[in-house]
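Accompanying notes for the structure given below.
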There are 2 protein chains.
Amino acid sequence: MHKSKGTRRSGVPVPSDYNRSLGGAAIGARLRRLSERIDRDANRVYQAAGVTFEQRWLGVLEQLVICGPLAVNDLAKALGISHPSVSQTRDSLKKAGLIAEKADPADARRRVLQITRKGASFARKLQPVWSALDQVGRQLNAEAGDVVTALDRLEDALDRRSIFQRVTILRTPS
Amino acid sequence: MHKSKGTRRSGVPVPSDYNRSLGGAAIGARLRRLSERIDRDANRVYQAAGVTFEQRWLGVLEQLVICGPLAVNDLAKALGISHPSVSQTRDSLKKAGLIAEKADPADARRRVLQITRKGASFARKLQPVWSALDQVGRQLNAEAGDVVTALDRLEDALDRRSIFQRVTILRTPS
DNA sequence: GAGAGATAGGTAGGCACCTACGGAGTTGTC
DNA sequence: GACAACTCCGTAGGTGCCTACCTATCTCTC
């Protein structure tokens, strides 16, 4: 990880440290890279455990294991993601034989997903891995001085007033 | 944004609040979603300014504008991203006519990218937008209680010991 | 009962990154 | 000079999310 370069002798302006920059909403890119780093790192754990696992399976599997059958939209709401994301994850899980899908007799539009025997067994097998990942997550959060709360606060700030709104206010002549 | 559900009357275990969870490295997914939220939000700013802009252009444009011509690898190092990412961004920027590419006479492998007149004009036009986004970024960081530093610390923690290493240690019988 | 409005979810395309792989070129060693 | 080791970067495929759009179904109002 490179460090800030300081000012050059010639006096030429030095570009911001892109990795730590807030400029131009560069934090978005940083978060993405960090996200992918964590996903990759976690996936090494699954590989070492001898299983094929997609990170996006986590939320859906957990919900189905604990709550039983749920419709696409219910899952999307519970997880805070879009329904097409759930649909895509469902396709992947179905392909792996971990969940099954059926119509809801009470509403022909609904697609209800439920864990299969294979899926339940898979989840049981992964419990120790998830337990370890839980613990590591808490370690890291502690070492980072509670990054989860900082993210909470950032999201709250964006909920209160979006980047777009803030820029609009700044750029509106008063 | 939904809140934690608490325990149900029946005593059925309640799934973790996925959005705030550290379990199973779920923070990775959260970071990705937040990243995309920020990108989308910022893109509304560009749209309102009447320009087409891809978030991934930011780092590359800034480096080329300030430092002058740079090779793919130099850009990758400076931005902390992979060279194929730079290649892809370059293709997109070239298509928009904002940069040009040439070989390096000193090393036939190198591809040197440089800003075009159109690109320089484009960057000048965007200066006020970037300035506003800078300011908004600082606002948000302040409201979030310095999320940038929390991210620094998380990355440092991962540099010190990866998730994989931490899980391996936890799961190794002592 | 008819029709407007709302809801559920599939499909398509896009975003911004990644790793793996491979070919071409350069540098270092003998 | 020959060759091994290293470097540069293009290509391919993948990841996990998103929005836009559309069809089908349900609910509400008259």
Side-chain angles (χ1 to χ4, degrees), chain A residues 18-19 25-44 46-47 52-60 70-77 79-94 101-113, chain B residues 18-19 25-44 46-47 52-60 70-77 79-94 101-113:
Chain A
Y18 183 66
N19 266 306
I27 189 171
R30 183 184 191 183
L31 292 171
R32 181 187 293 264
R33 291 194 299 274
L34 180 53
S35 159
E36 294 186 350
R37 179 183 184 178
I38 288 167
D39 284 356
R40 282 193 308 271
D41 208 350
N43 210 267
R44 288 173 69 201
Y46 293 109
Q47 286 180 334
T52 297
F53 188 83
E54 298 180 13
Q55 277 305 115
R56 62 185 172 173
W57 287 357
L58 181 62
V60 173
L70 285 165
V72 171
N73 200 32
D74 297 332
L75 281 162
K77 282 182 182 149
L79 301 175
I81 64 178
S82 68
H83 83 260
S85 289
V86 175
S87 293
Q88 286 178 350
T89 304
R90 179 219 40 220
D91 289 347
S92 177
L93 283 163
K94 276 181 66 178
E101 181 185 16
K102 64 182 178 181
D104 180 346
D107 184 340
R109 296 170 301 181
R110 288 167 67 90
R111 308 299 299 174
V112 178
L113 314 187
Chain B
Y18 183 64
N19 267 304
I27 189 171
R30 184 186 189 181
L31 291 172
R32 182 188 292 265
R33 292 195 298 276
L34 181 52
S35 158
E36 294 188 349
R37 179 182 183 178
I38 288 167
D39 283 356
R40 286 194 307 273
D41 208 351
N43 210 267
R44 288 173 70 203
Y46 293 108
Q47 287 181 334
T52 297
F53 189 83
E54 297 182 11
Q55 276 306 116
R56 61 185 172 174
W57 287 357
L58 181 62
V60 174
L70 285 165
V72 169
N73 200 34
D74 297 332
L75 281 162
K77 282 182 182 149
L79 300 175
I81 63 178
S82 68
H83 82 260
S85 289
V86 175
S87 294
Q88 287 177 353
T89 302
R90 179 220 40 221
D91 289 346
S92 177
L93 283 163
K94 275 181 67 178
E101 179 185 18
K102 64 182 176 181
D104 180 347
D107 185 338
R109 297 168 303 179
R110 286 165 67 90
R111 309 298 300 171
V112 178
L113 314 186

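Lettering of chains follows the sequences in order, A, B, ..., and the numbering in each one begins at 1.
- Contacts of A:Gln88 classified as side-chain contact (heavy atoms from CB on, under 4.5 Å), with partners at least two apart in sequence or in another chain: A:Arg56.
- Nucleotide C:dT27 holds its P atom 11 Å from the CZ atom of B:Arg110, rounded to whole Å.
- In this entry the distance linking CG of B:Asp107 with P of C:dT27 reads 6 Å, nearest Å.
- Rounded to a whole Å, the CG atom of A:Asp91 is 12 Å from the C1' atom of C:dG9.
- Nearest approach of B:Arg90 to B:Val72, heavy atoms of both residues: NH1-CG2, 4.1 Å.
- Along DNA chain D, the stretch of nucleotides lying under 4.0 Å from any heavy atom of chain B spans, 5' to 3', D:dT7 to D:dT19.
- Looking only at side-chain heavy atoms (C-beta outward), A:Arg110 and A:Asp74 come within less than 4.5 Å of each other.
- Nucleic acid contact class of B:Gln88 (heavy atoms, under 4.0 Å, all strands): base.
- Taking each heavy atom of B:Ile27 and A:Ile38 in turn, the nearest pair found is CG2-CD1, 4.0 Å.
- Protein atom CZ of B:Arg111 is 11 Å distant from nucleotide atom P of C:dG25, rounded to whole Å.
- With a 4.5 Å cut-off on side-chain heavy atoms, B:Ile81 and A:Arg33 count as touching.
- Nearest-nucleotide mapping onto DNA chain D: of A:Phe53 and A:Ala108, the residue sitting toward the 5' end is A:Phe53.
- With rounding to the nearest 0.5 Å, the separation of CD in B:Glu101 from CG in B:Asp91 is 7.5 Å.
- The distance from atom CG of B:Asp39 to atom P of C:dC15 is 11 Å, rounded to the nearest whole Å.
- At a non-hydrogen distance threshold of 4.0 Å, A:Ala29, A:Arg32, A:Arg33 from residues 26-33 of chain A come into contact with DNA chain C.
- Between A:Leu75 atom CG and A:Ser85 atom OG the span is 12.0 Å, to the nearest 0.5 Å.
- Looking at which nucleotide of DNA chain D each of A:Glu54 and B:Val72 is closest to, the 5′-most match is held by B:Val72.
- Of all heavy-atom pairs between A:Trp57 and A:Thr52, the closest is CZ3-O, 3.4 Å.
- Rounding to whole angstrom units, CD1 of residue A:Ile38 and C1' of C:dC18 are separated by 15 Å.
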Please list, for nucleotides 19-22 of chain C, all pairs of protein and nucleotide N/O atoms separated by less than 3.5 Å.
none

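- Closest heavy-atom contact between B:Leu58 and A:Ala26: CD2-CB, 4.0 Å.
- Rounded to an integer number of Å, the gap from CZ of A:Arg90 to P of C:dG9 is 9 Å.
- Of all the heavy atoms in B:Asp39 and A:Gly28, the pair that sits closest is OD1-CA, 3.8 Å.
- Scanning all heavy atoms of the two residues, the minimum distance from B:Leu31 to A:Ser35 falls at CB-CB, 3.7 Å.
- Applying the side-chain contact (heavy atoms from CB on, under 4.5 Å) criterion to A:Arg40, with sequence neighbours excluded, gives A:Glu36, A:Arg37.
- Here A:Ala71 lies in heavy-atom contact (under 4.0 Å) with sugar-phosphate atoms only.
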Can you tabulate the close N/O pairs, meaning under 3.5 Å, that link protein atoms to atoms of nucleotides 1-7 of chain C?
{"residue": "C:dT7", "atom": "O2", "partner": "A:Arg109", "partner atom": "NH1", "Å": "2.4"}

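- Within the 3.5 Å criterion, the main-chain N or O of A:Glu54 finds no donor-acceptor partner in the side chain of A:Asn43.
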